[in-house]
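Take a look at the structure below.
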Number of protein chains: 2
Amino acid sequence: MPLDRIDRRILAHLQEDADITNAALAERVGLSPSTCLRRVQRLKETGVIRRTVAVVDAEAVGRGLTAVVEVQLSHHGAPQRQDFIARVRQEPAVMQAWGVTGEPDVILVLQLATMSEYQGVIERLFANDPLVERFYTYVAVETYKSRTAVPVEA
Amino acid sequence: MPLDRIDRRILAHLQEDADITNAALAERVGLSPSTCLRRVQRLKETGVIRRTVAVVDAEAVGRGLTAVVEVQLSHHGAPQRQDFIARVRQEPAVMQAWGVTGEPDVILVLQLATMSEYQGVIERLFANDPLVERFYTYVAVETYKSRTAVPVEA
DNA sequence: TATGAAATATTTCGTTC
DNA sequence: GAACGAAATATTTCATA
């Protein structure tokens, strides 16, 4: 069953503020509270809403350093690649990791406390791994935009 | 007032699941429900918890296409740069945008519905802007890791 | 100032229409 | 989708350390 306009309005609201009371949400999307609640529950059950989480200020917890790392791998066997991916997944500082088309093979987004933590991450991920051909790191000097909400409305 | 160990445990839990009841959270961090609730409120008031949001499955809402774009700008006046940043902020598909050290000046993360939407975004951001020297786009083929939770514990 | 326990208010859930 | 009571949960108040 596809998402209708009301579902999308619910998603738009909850992506901005999931602390809103069900009564207030219902009013904003034009439903009765009980109907609205059942819609929200269904969106969670079907996995459209994967979960609801607190968004923490990285600065406030001493992790305000963001870095983007592009990694080029030598195109050898898939097994070593899996090892590399497993190490990436294990690193707490790695927030996002994608396999991509183009010159880099993998792009990482790191959220760090200090440059010395960066050193440690880089060593654990890249040192002594012949699969890793080279990597480039770009440190964020300024954050122009940072959203968690996926656009859901036309 | 710095965050103590209990604050950090609260943050760790709420970053994974903000739907947890206060009673259950209190038990997990070893506090009484009322004390726990007040801690959570304080974390929100002081901005450590910026907000709580629903995490939506991008695939489920037809926006499963992720792209990373590196942009190089000619180093001219700051005013045009502000215009460019303003356009970036206006684009709903732009999830993250950083100004970075190194060869690219700006890195964008896009969350798209289709490649034709990509075309539109690129045109609006880059076309006829002499500030934009060049850009490279890397389309995500696979997502290895995607977290919203900033590491808060030692 | 921080905590915990009890009282109150609100939200959520099942049933019925 | 609406209306209701019952259960669960959150919030406030107040006493204590």
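For the numbers below, each heavy atom of this structure counts, side chains included, while hydrogens, waters and symmetry mates do not. A, B, ... follow the sequence lines: proteins, then strands. Residue 1 opens every chain. Everything quoted here is computed from the prediction, not taken from an experiment.
Both A/Val48 and A/Ile6 belong to a single network of hydrophobic side chains, linked directly or stepwise wherever heavy atoms of I, L, V, M, F, W or Y lie under 4.5 Å apart. Cluster annotation: A/Leu108 is connected to A/Tyr118 through the hydrophobic network of ILVMFWY side chains, with a link wherever side-chain heavy atoms come within less than 4.5 Å. Hydrophobic clustering (ILVMFWY, side-chain heavy atoms < 4.5 Å, transitive): A/Trp98 and B/Leu65 are in distinct clusters. With hydrophobic clusters built from ILVMFWY side chains whose heavy atoms lie under 4.5 angstrom apart, A/Val68 does not share a cluster with A/Val139.
Atom CG of B/Asn128 has 12 or fewer neighbouring heavy atoms from other residues, nucleotides or ligands inside a 6.0 Å radius. Heavy-atom contacts from other residues, nucleotides or ligands closer than 6.0 Å to CD of A/Glu16 number more than 12. Within 6.0 Å of CD in A/Glu59 there are 12 or fewer heavy atoms belonging to other residues, nucleotides or ligands.
A/Ser146 and B/Gln96 are not linked by any side-chain donor-acceptor pair at a separation below 3.5 angstrom, with hydrogens and angles left out of the test.
Sorted by residue number, the members of residues 32-56 of chain A with any non-hydrogen atom under 4.0 Å from DNA chain C read A/Leu37, A/Gln41. Within a heavy-atom distance below 4.0 Å of DNA chain C, no residue of residues 2-10 of chain A is found. Contacts between residues 12-25 of chain A and DNA chain C, defined by a heavy-atom separation below 4.0 Å, involve A/Thr21, A/Asn22, listed by number.
Taking 4.0 Å as the cutoff to heavy atoms of chain A, we find the contact window on DNA chain D bounded by D/dG1 to D/dA2.
Considering A/Thr46, A/Leu11, A/Val152 as possible partners of A/Leu3, the one that fulfils the side chain to side chain contact (heavy atoms under 4.5 Å, CB included) test is A/Leu11. Here the rule is side-chain hydrogen bond (donor to acceptor under 3.5 Å, both in side chains) with B/Arg124, and of B/Gln119, B/Gln90, B/Glu91 only B/Glu91 fits it.
For the pair B/Arg51 and A/Asp17, the salt-bridge criterion is not met [side-chain N within less than 4.0 Å of a carboxylate O].
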_Expected output check: what is the dot-bracket annotation of DNA chain C, where ( ) and [ ] are pairs inside the strand (brackets for crossing ones), | is paired with another strand, and pairs are Watson-Crick or G-U under 3.5 Å?_
|||||||||||||||||

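Summarising the geometry of B/Val71 relative to B/Phe135, their closest heavy-atom pair is CA-CB, 4.2 Å, with the distance given to 0.1 Å. Looking at every heavy atom in both residues, B/Tyr144 comes nearest to A/Arg89 through O-NH1, 2.6 Å.
Scanning for side chain to side chain donor-acceptor pair (under 3.5 Å) contacts around A/Arg63 gives A/Glu117, with sequence neighbours left out.
Taking 4.5 Å as the limit, every side-chain heavy atom of A/Val61 sits out of range of all side-chain heavy atoms of A/Gln111.
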